[in-house]
Number of protein chains: 2
Amino acid sequence: MAHPNLSTGPDRGDRSGLAGDTVRRILHIAAAIRHYQDVEIAALGLTPAAARALHELDPDRPLPGRDLAEQLGCDRSNVTALVDKLEQAGLVERRVDPADRRQKTLVVTDAGRRVRDRVHQVVSDSRLLDGLGTDELANLRELVWKVSDGGCPEQCGED
Amino acid sequence: MAHPNLSTGPDRGDRSGLAGDTVRRILHIAAAIRHYQDVEIAALGLTPAAARALHELDPDRPLPGRDLAEQLGCDRSNVTALVDKLEQAGLVERRVDPADRRQKTLVVTDAGRRVRDRVHQVVSDSRLLDGLGTDELANLRELVWKVSDGGCPEQCGED
DNA sequence: TATTGTTATACTCTATAACTATA
DNA sequence: TATAGTTATAGAGTATAACAATA
């Protein structure tokens with residue numbers, strides 16, 4: 001394991017127990033968020049993976065499938081199937097890159113832009129945080145930013 | 001949609017934008033946690049779903065598969081395959097309940113207890129929170145507890 | 001030879017429906 | 001008739017390996 005922050009029991013009071021509790025709770029929250037997001041994604045006629053692929057595409061900066069695969073952290077072969085779905089739905093177009101005919105540039109269509117905006121709304125749906133006060137929300141945001149990359153919410157860009 | 005906390009752009013400064021940022025960041029963190037946990041789960045010779053099933057079983061209180069399915073939030077048919085794996089690995093035993101011969105009680109073996117303890121360590125692995133100070137960690141923990149069920153970390157039990 | 005996209009294939013996870021044996 | 005477990009099947013997600021076209 002080679003990592004000290006591990007404990008078997010509840011162990012409340014020491015840092016390991018606190019951190020372990022927090023990690024499990026974060027996973028629990030994420031699963032809940034995913035659950036209702038997936039319902040809304042399905043209502044858009046997309047699978048979660050296809051929605052994420054569309055969301056990852058920048059309508060103003062088309063890119064080859066290889067780069068999308070890298071952004072999604074998956075194999076190129078999966079991008080083929082994902083883009084198949086998006087293209088069939090008229091949300092994305094494949095265009096052979098004249099400069100390198102091996103590559104196909106992925107272009108978000110006008111319809112794709114609209115659906116992508118809806119996807120962005122869905123993945124930003126924050127109903128689970130409604131119970132937090134304004135200061136608590138700001139506090140939570142700073143903490144999760146620090147956890148995810150040690151950056152600062154005010155200056156850094158998005159995901 | 002029927003929910004007001006939605007925004008399309010970055011919109012930093014208003015509550016919707018803050019909350020959306022936070023939600024996406026939480027999902028990002030959860031994905032990172034899952035990623036390294038899955039690696040360690042695989043090192044135990046288990047799939048993530050099988051590990052979760054084993055973790056959900058209480059070695060001191062055997063229960064029928066139906067209850068495990070409910071705890072996992074999945075269909076009974078999946079439990080069959082999951083327990084197949086766990087039983088084949090010698091971690092769990094199926095025993096026909098004499099009181100109701102339709103039911104099969106799931107009993108964690110001694111080997112199962114040991115692996116389950118390791119699984120608990122893995123799902124509590126908090127390396128991602130190492131960058132937080134002690135007070136920040138306590139702060140984060142209170143906030144995620146409030147989000148996940150409005151409860152209080154000091155009094156309530158585990159997941 | 002190396003790379004892009006594709007295809008074929010396989011495994012995991014999950015769901016539904018139908019079956020069996022009990023109750 | 002209803003329930004517990006199982007089986008068969010299907011779809012989604014992801015991975016590897018091999019292939020064609022291109023560089």
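By convention in this document, chain letters (A, B, ...) are assigned in the order of the sequence lines, proteins followed by strands, and residues within each chain are numbered from 1. Because the structure is a prediction, the values reported are computed rather than measured.
A/K104 has no side-chain polar atom (N or O) that falls below the 4.0 Å cut-off from OP1 or OP2 of D/dT22. Side-chain nitrogen and oxygen atoms of B/S77 include none within less than 4.0 Å of the OP1 or OP2 phosphate oxygen of C/dT16. Considering only side-chain N and O atoms, B/R94 lies under 4.0 angstrom from the phosphate OP1 or OP2 of D/dT6.
Which of C/dC13, D/dG13, C/dG5 sits closest to the side chain of A/P64 comes down to C/dG5. Of the candidate nucleotides C/dA15, C/dG5, C/dT22, C/dT22 has the atom lying nearest to any side-chain atom of B/R101.
Looking at which nucleotide of DNA chain C each of A/A81 and A/D100 is closest to, the 5′-most match is held by A/D100. In this structure, B/D67 and A/A50 both approach DNA chain D, and ranking their closest nucleotides by distance from the 5' end singles out B/D67. DNA chain D is contacted by both A/P98 and B/L63; B/L63 maps to the nucleotide lying nearer its 5′ end (nearest heavy atom per residue).
Taking atom CZ of B/R66 as the reference point, atom P of D/dA2 lies 16 Å away to the nearest angstrom. When rounded to the nearest whole Å, the span between CD1 of B/I41 and C1' of C/dT12 equals 14 Å. Here D/dT7 presents its P atom at 14 Å from CG of B/L82, a figure rounded to the nearest Å. If you measure from atom CG of B/N78 to atom P of D/dT7, you get 14 Å, rounded to the nearest angstrom. As a whole-Å value, the separation of B/D75 CG from D/dG11 P is 17 Å. Between the CZ atom of A/R52 and the C1' atom of D/dT14 there is a distance of 12 Å, given to the nearest Å. Rounded to an integer number of Å, the gap from A/D97 CG to D/dA21 P is 19 Å. Put simply, CD on A/Q88 is 11 Å from P on D/dA12, counting in whole angstrom units.
What you find for A/L27 and B/A30 is that their closest heavy atoms are CD2-O, 3.8 Å. The heavy-atom pair separating B/Y36 from B/D125 by the smallest distance is OH-O, 3.2 Å.
If you check every strand for non-hydrogen atoms under 4.0 Å, A/T47 touches sugar and phosphate atoms only. As judged by a 4.0 angstrom heavy-atom cut-off over every strand, A/R76 is placed among the base-contacting residues.
Among B/T47, B/L54, B/V122, the one residue that satisfies the side chain to side chain contact (heavy atoms under 4.5 Å, CB included) test with B/I41 is B/V122. The one candidate from B/R34, B/Q37, B/R118 that meets the side chain to side chain contact (heavy atoms under 4.5 Å, CB included) condition with B/V123 is B/Q37.
Evaluation of atom-type donor-acceptor distances gives no pair under 3.5 Å for the side chain of B/R102 against the base of D/dG5.
Salt bridge annotation for B/R113-B/D60: present, with a cationic side-chain nitrogen under 4.0 angstrom from a carboxylate oxygen.
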